[in-house]
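Have a look at the structure below, then the notes.
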2 protein chains.
Amino acid sequence: MKVSKGTMAEHREQIITAAARRFREGGFDNVSVGDIMKEVGLTHGGFYGHFSSKDELVALACLRAMTETVAKWQKVSDDAPGDRLEALVDFYLSLRHHDRPEAGCLVAALGSELSRQPSAVKEAVTVGQRKAIEFLSRIAPGKTKVLRRKQAILAFAAMVGGMIMARGTSEPQLRQEILDTVAESVPNSVRATS
Amino acid sequence: MKVSKGTMAEHREQIITAAARRFREGGFDNVSVGDIMKEVGLTHGGFYGHFSSKDELVALACLRAMTETVAKWQKVSDDAPGDRLEALVDFYLSLRHHDRPEAGCLVAALGSELSRQPSAVKEAVTVGQRKAIEFLSRIAPGKTKVLRRKQAILAFAAMVGGMIMARGTSEPQLRQEILDTVAESVPNSVRATS
DNA sequence: ATTATCTATAGATCTATAGATAATGC
DNA sequence: ATTATCTATAGATCTATAGATAATGC
């Protein structure tokens, strides 16, 4: 039953990866330690050899998800033929992202649950938020650093809010109107930010 | 033990009111039927004489919360000495709203949990979202109806996202930067929307 | 007589722990 | 010998239901 140290380290990574996906899919409360361990092919009892509590895994999974998201943003903006921020906004507010919260932005998938998480979780998310804002500042069009940071925060807020509103709507027409309107307006708005 | 029909109707209202507050405070999953009934001064067993399921109460509580919020927005904008939308944005992105999710916007308090709720709940929220967007359209500055609606959707998205980001942050300085930046940028952004 | 509420409970689920098992690694 | 994982379980909690109780309202 015992596995090598290398395999155990792999298991740990697999648990964090599975958790990052499953939590975004089902919410922190509706995904149990047992669910995640089963997905990795282990039993729930072994979990506590890897982590001291479910909360510890939640914090690690949040940071993992946010780091992966910013890395994906980097690729999307690098591949953009035209305006990098505009390409990112279209990518973020796509129907594809809407339909796959488990593979997308953690703040959009779990944002309103974060305020009720223990401080270790919020601290991990804060690190991720800073990375996201810093990345967006780099592709924002403003002339000064201060201005680009303001543009980054505004763009992030509008994208997160737009996606959450779209996911909370039962009518496909309103949903698409929200995604399209925000995607279309953010680039103009960013340029107007001072 | 039995009460009059009038009292029973009052109890029903009290249950919905308590639920609307407690759900925004703790999330749908972390507030039990028993918690809500206890707050109203009843026992959990009597709940099913009022509602067929917890989900039914969730839907009613969501609609209640959103309707109350839009009513409050109306008052805030009516009392504004200057620009009505600007006053509303400042009110929404205030530290006071940040600190009291249970008395504020449902989309900011529970937004990312909505996509996982049954369709009856999402339909109730959609009704509320339409009311919110229609209200914001009325105080938006655009020349045409179509333009004002776009401005309303952008402003709502930025406000929701800004509040959720602020509540998910553990650092007070970053939190305040997010609230201030979005509050300051939305009015300019709205004017730039076309 | 009807029915709003209460008491008690079935059935399900979840986190965390304890001790057993069996493979690694000194 | 050490330890990663497994089996089993304690303790807690939640939704929903069933039957009892006692006050309303015909």
remark   = Those residues at least two apart in sequence (or on a different chain) that pass ring-ring contact (aromatic ring centres under 6.0 Å, His included) with A:F135 are none

Would you be so kind as to tabulate the donor-acceptor pairs closer than 3.5 Å made by side chains of residues 136-149 of chain B, with sequence neighbours excluded?
unit_1: B:S137; atom_1: OG; unit_2: B:I133; atom_2: O; d: 2.8
unit_1: B:T144; atom_1: OG1; unit_2: B:L147; atom_2: N; d: 3.1
unit_1: B:R148; atom_1: NH1; unit_2: B:G142; atom_2: O; d: 3.0
unit_1: B:R148; atom_1: NH1; unit_2: B:K143; atom_2: O; d: 3.2
unit_1: B:R149; atom_1: NE; unit_2: A:E177; atom_2: OE1; d: 3.4
unit_1: B:R149; atom_1: NE; unit_2: A:E177; atom_2: OE2; d: 2.5
unit_1: B:R149; atom_1: NH2; unit_2: A:E177; atom_2: OE1; d: 2.9

Short side-chain to backbone donor-acceptor contact, A:E56 and A:S52, under 3.5 Å = yes

inquiry  = Going by ring pair (Phe, Tyr, Trp, His ring centres under 6.0 Å), name the pairs with one or both residues in residues 148-168 of chain A, residues two or more places apart or in two chains.
reply    = A:W73-A:F156

Would you be so kind as to tabulate the donor-acceptor pairs closer than 3.5 Å made by side chains of residues 14-23 of chain B, with sequence neighbours excluded?
unit_1: B:T17; atom_1: OG1; unit_2: B:E13; atom_2: O; d: 2.9
unit_1: B:T17; atom_1: OG1; unit_2: B:R64; atom_2: NH1; d: 2.7
unit_1: B:R21; atom_1: NH2; unit_2: B:E39; atom_2: OE2; d: 2.3
unit_1: B:R22; atom_1: NH1; unit_2: B:E39; atom_2: OE1; d: 2.5

key: Partners passing side-chain contact (heavy atoms from CB on, under 4.5 Å) against B:T43 (at least two apart in sequence or in another chain)   = none

query = Is there a donor-acceptor pair closer than 3.5 Å between any side-chain N or O of A:T126 and the backbone N or O of B:S170?
reply = yes

ask   = Heavy atom of residues 10-43 of chain A under 4.0 Å from DNA chain D: which residues?
value = A:H11, A:L42, A:T43

request  = May I ask you to decide if B:S112's main-chain N or O and A:S112's side chain share a donor-acceptor pair within less than 3.5 Å?
outcome  = yes

key: Outermost nucleotides of DNA chain C that come under 4.0 Å of a non-hydrogen atom of chain A   = C:dC14 to C:dG25

ask   = Among residues 44-61 of chain B, which residues get a heavy atom nearer than 4.0 Å to DNA chain C?
value = B:H44, B:G45, B:G46, B:H50

ask   = For DNA chain C, whose closest nucleotide is more 5', that of A:K5 or that of B:S4?
value = B:S4

request  = Would you sketch DNA chain C in dot-bracket for me? Only Watson-Crick or G-U wobble pairs with both distances under 3.5 Å count, crossing pairs as [ ], other-strand pairs as |, the rest as dots.
outcome  = ||||||||||||||||||||||||..

request  = List for me each residue that meets side-chain hydrogen bond (donor to acceptor under 3.5 Å, both in side chains) alongside A:E123, sequence neighbours excluded, and say none if there are none.
outcome  = none

message = Once ring-ring contact (aromatic ring centres under 6.0 Å, His included) is applied, do any residues pair with B:H97, and if so which ones, sequence neighbours excluded?
response = B:Y92

note = By side-chain hydrogen bond (donor to acceptor under 3.5 Å, both in side chains), B:T169 pairs with (sequence neighbours left out) A:Q129

ask   = Distance only, no hydrogens: is a donor on one side chain within 3.5 Å (strictly under) of an acceptor on the other, for A:D35 and A:S32?
value = yes

